[in-house]
Every structure is written in C-alpha cells, then in structure tokens.
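We count ligands from 1, going down the list as the structure has it; atoms in each ligand are counted the same way. Given the structure is predicted, the values throughout are model-derived calculations rather than measurements.
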Amino acid sequence: MIKSPLIQKPLPGPKALKLIDQDRIYVSPSYTRYYPLVVEKAKGLWVNDVDGNIFLDFTAGIAVCATGHCHPRVVKAVKEQADRLLHMSGTDFYYRAQIALAKKLSSITPGEGGKKVYFGNSGAEAVEAAFKLARWHTKRELNLAFYGAFHGRTMGALSLTASKTIQKKHYNPLVPGITHIPYAYCYRCPYNLQYPECELGCVQWIEDTLFRTTIPPEEVAAIIVEPIQGEGGYIVPPPEFHKKLNSLAKKYGILYVTDEVQSGMGRTGKMFAMEHFDVDPDIIALAKGIASGMPLGALIAGTEIMNWEAGSHASTFGGNPVSCQAALVTIELLEEELMKNAADQGDYLMAGLRELQQSYECMGDVRGKGLMVGVELVKDRETKEPARTWRDEIIQNAFYKGLLLLGCGENTIRFSPPLTVTAGEIDTCLSIFDNVVKEIAG
Ligand code: PLP
C-alpha cells in the first residue's frame, strides 16, 4: 500500500501555532523558515507534526538524513554509544569511535596514499578547517572561490561564500585575500557562451585574465569549490570542468579543496560527487549526511598535506563519539544499499520531472545527479526570466498538500529526499508537485 500525506485543516494546527508563538519570543529571528512546520517525530521519509499531520519529506532536513529519519540501525548505534561514552573530547584524549571513523573515511575518500582526518561539528567548521589547513600547509595567503557558492556562516566560511548578500550584510570586513569567480553555470553562462563550443572558457579565463592581471598564482593557497553547487541552485557543471580546474591548480601548486558537505555521502549515487568528475581533490570537507542527523563535520587530506602541528587547530566537541558511531553505521548503510538506491531512484525522479517539464513551460531546467535534483523555474523558456515568486508559492502550496520541499538559488526548487526513498514515494511527490505547479504556473 502506498502511504500518502495526511493533512487536516487548518494548517498550522493549534499546537503548532502555540509553539510558533513561543519560538517568536525566544528563538533567534535570523533563521529562514519557508513554512510553519513544527515537527514531533519522523521515520524514513515521513514526518509527523505536533498536530498529527503527516508530511512526505523531500528535504531530508536540508540534505542531512541520508539514511532516512531515525533509521533503526543508526538509532541503535547512537543508544549503545550513549550508554558507553557521551563525550571525552578527541582534542585532548583518544577514543575508539573517532579513530575507527578516521580510518574508514581515509579508505573511502578519493585519492591514493595515506590520509588524515580532522573532526568538527558542522559544515562550516569543516570548511573553516580546510581554509586554515590550506594556508598552514602552503604558507600562501590568497584563495579562489565561486559566485553562487555556499560554504557556511562562520567568518572564514562566510568569506568564501557568495550565495546571497543577506548572508554577508553588516558582517564586513570579512577575511581578506579571497577572489570569487564565476561557476560553470551553463544554463545561464556568465560569459554568454555555449557549452561545449565554449571549451570551458570560464576556466581558461582564470589563467588568461585573473592570473595575468590581479592574482599572482604562486600566492594562491587553494581553489575551494563545490563539486555540484548546492545552496547556489543545484548547479551541475560540465563533465570536464573539475578536471580542467584541477589541472590549472596543479600547474601552480594550488590545493584543490572540494566542499562535499551537501553533495557527499552517497547523495549523488556515488559516495562523493567528485567521483562523477574523476578528480582526486587534495582536501575534502564533509558534514550534513555523514552521521544521519547527528552533528559532525570532517576534513580529509593527504598525510603530507595535513601536516599542521599540535595546537594549531581543534574543537572541544569535534568528533563526538555518538556522532562518530552514527557515521560508521551511516557509511555501512550507504555501502550496503543506499548509494545504489540514490542512483536508481535519482534516475527515476529525474525522468519523472523531465516528463512534467514537457507540460510546464515554467520548468526551465531540470538537473542533478542521483538524489541531488533541482528544477529551475522561469517565466518564459526563451528569455529564462527567473520565476522566484512562483518558486516560493510552489514550495508553500506543496507544504499545504503534505510535501516538504526547499528552495535553492534564486528560483530553483531542490529535491533532496533521504536516500531510502522508494519509487512509490517519488510517485507521490511527483503527483503533488504536478498538481501544485498546475495551480500556480500551469
Ligand atoms: N558547505 C555546503 C556545500 C553547504 O551546503 C553547507 C550548508 O548548507 C555548508 C557548507 C555549511 O554547513 P553547516 O550549515 O553545517 O555549517
């Protein structure tokens, strides 16, 4: 039997309304809430709110719950570890779970040779650590990052971010020495070129213009890049983009740092999105899906690169034993079945969305890999005028019909369900999405 969302009107219900009122009084107003969902519990892809409404979750808690909400094996591992040891700090002491996870991550990340792992608590911390390690290792001061990139909100990570000005407003001055360059966003090429005739002029421009006029390449520590841009709009660059960029980096002794916080941990149908592009990065930042919802960030680098000395970087809570144990089971589940499921169901989802695209002019671009799928909404296919309001209304209305979605970029809807998603759940999602798009922009 295919399960469906169960929604009683009015939404939000009375209990949700009360809690939202309290939230307004006590919780920071800096959070962005798309719709009034107040969660009580969740299992797999199904989320219950405090009033008994049941939603189908195609957000995975912002691409985090890779193994579905509260996977029994993850919950068991968390409970068992909580009984043994909650915290000791991997900064000053040793414990089994952190060492075991470091060993596992070293073996599954791309690249030959020995690797070492640094642990933090979040994506921003993983990126922050990457930023510092690149400076420490190379003793160079400059960095390149991309327009559209989102790397987190701590001051270093925020300095690398170039997604929305609201994220930076009133926080200047940020960390100096970062130059943002256009990403390979072929649907809206920043250089007005056409792929493949462009021969990736966007990468060539870095060498021909940037490195000749303003940025001495021998002073650049790292190029920091998302394999597929996440918050920027689920933008998949052309197949050769990373190879060409990495070759340029290698030519000048620049480290290639990939932020796989959103794209990693099986989401794209491979353990790491960079595997689709056949590049072994020098440094990899991970978080989000790594521990199925327990807070954890990790930075993986070759042993010769992660050569900073004792005391140069650390965090009290980083590599918490409960989170590490959850990560070990998460990786087991990804390897056993979920990565493959992400590839298979991702194809199914993409095919379904492409079919809907035939009927709706507003679905300008459907793109993605595995279960990292975006639909860019436009007013007109020819002019590609961004349809931001439609995007927001579609997300709102989907919520009122029991489907949880999130936006990304200016006018894109992201589909990032848990990797446990079934074909039946995708059918339900597509049917609700179809109805909502018809109502708003059909
Ligand atoms: N990097 C990428 C690619 C992300 O998508 C995010 C969060 O969305 C981050 C870094 C920051 O992660 P966190 O919110 O855990 O600090």
Side-chain angles (χ1 to χ4, degrees), residues 28 30-34 59-66 118-134 143 145-164 166-168 171 175 178 180 183 185 222-237 242 256-268 272-274 276-277 281 283-300 315 317-320 323 326-327 330 368-374 405-409 412 414-416:
S28 165
S30 60
Y31 299 131
T32 46
R33 269 77 176 257
Y34 263 98
T59 76
I62 328 187
V64 168
C65 302
Y118 167 87
F119 290 106
N121 302 284
S122 66
E125 281 186 38
V127 170
E128 198 75 37
F131 190 22
K132 288 177 73 175
L133 178 62
N143 287 281
F146 288 86
Y147 287 114
F150 187 85
H151 294 296
R153 294 171 183 271
T154 53
M155 287 304 251
L158 181 64
S159 307
L160 296 165
T161 291
S163 178
K164 298 188 177 77
I166 182 66
Q167 295 154 352
K168 295 192 150 185
Y171 298 134
V175 180
I178 296 161
H180 287 99
Y183 196 74
Y185 183 10
I223 295 176
I224 294 146
V225 62
E226 291 163 88
I228 296 172
Q229 278 196 340
E231 303 299 307
Y234 275 28
I235 298 166
V236 186
H242 287 290
Y256 206 67
V257 177
T258 54
D259 178 346
E260 292 250 17
V261 167
Q262 188 152 177
S263 61
M265 307 316 296
R267 175 146 298 281
T268 65
F272 302 101
M274 203 42 100
H276 293 285
F277 299 95
I283 300 179
I284 304 170
L286 299 175
K288 283 197 186 279
I290 190 171
S292 293
M294 295 299 292
L296 187 69
L299 185 75
I300 299 97
S315 145
F317 289 119
N320 170 273
S323 297
T330 299
K369 289 225 182 273
L371 291 169
M372 187 170 186
V373 176
L405 294 170
L406 283 173
C408 56
T412 298
R414 67 176 120 175
F415 294 76
S416 58

Original post:
How close does the nearest protein non-hydrogen atom get to atom 9 (C) of ligand 1, and which residue and atom is it?
Top reply: V261 CG1, 3.7 Å
Original post:
Going by distance alone, is a donor N or O of one side chain under 3.5 Å from an acceptor N or O of the other, for T268 and S263?
Top reply: no
Original post:
So is R153 in contact with ligand 1, going by heavy-atom distances below 4.0 Å?
Top reply: no
**OP:** Provide the closest heavy-atom pair for R267 versus A63 in the form atom of the first, atom of the second, distance.
**Re:** NE-CB, 3.8 Å
Subject >> Protein non-hydrogen atom below 4.0 angstrom of atom 1 (N) of ligand 1 present >> reply: yes
**OP:** Report yes or no: do S163 and E231 form a side-chain donor-acceptor pair below 3.5 Å?
**Re:** no
Original post:
Contact between S122 and ligand 1, counting heavy atoms under 4.0 Å?
Top reply: yes
Original post:
For ligand 1, is there an N or O atom under 3.5 Å from any N or O atom of F150?
Top reply: yes
**OP:** Answer yes or no: are there more than 12 heavy-atom neighbours, outside Y34 itself, under 6.0 Å from its atom OH?
**Re:** yes
Original post:
Mind checking whether E125 has an N or O less than 3.5 Å away from an N or O of ligand 1?
Top reply: no
Original post:
Counting both backbone and side chain atoms, is some N or O of A124 under 3.5 Å from an N or O of ligand 1?
Top reply: yes
Original post:
By side chain to side chain contact (heavy atoms under 4.5 Å, CB included), which residues pair with T412, not counting sequence neighbours?
Top reply: R367, E376, C408
Original post:
Do any N/O atoms on Q262 end up under 3.5 angstrom from N/O atoms on ligand 1?
Top reply: yes
**OP:** Return yes when atom CD1 of I62 has more than 12 non-hydrogen atoms of other residues, nucleotides or ligands closer than 6.0 Å, and no otherwise.
**Re:** no
Original post:
Aromatic rings H180 and Y147: how do their planes relate, parallel, tilted or perpendicular, breaks at 30° and 60°?
Top reply: tilted
Subject >> Candidate with minimal heavy-atom separation from atom 12 (O) of ligand 1, of G123, G297, G232 >> reply: G123
**OP:** Within a distance under 4.0 Å of any heavy atom of D259, pick out the atoms of ligand 1 and give their elements.
**Re:** 1 (N), 2 (C), 3 (C), 10 (C)
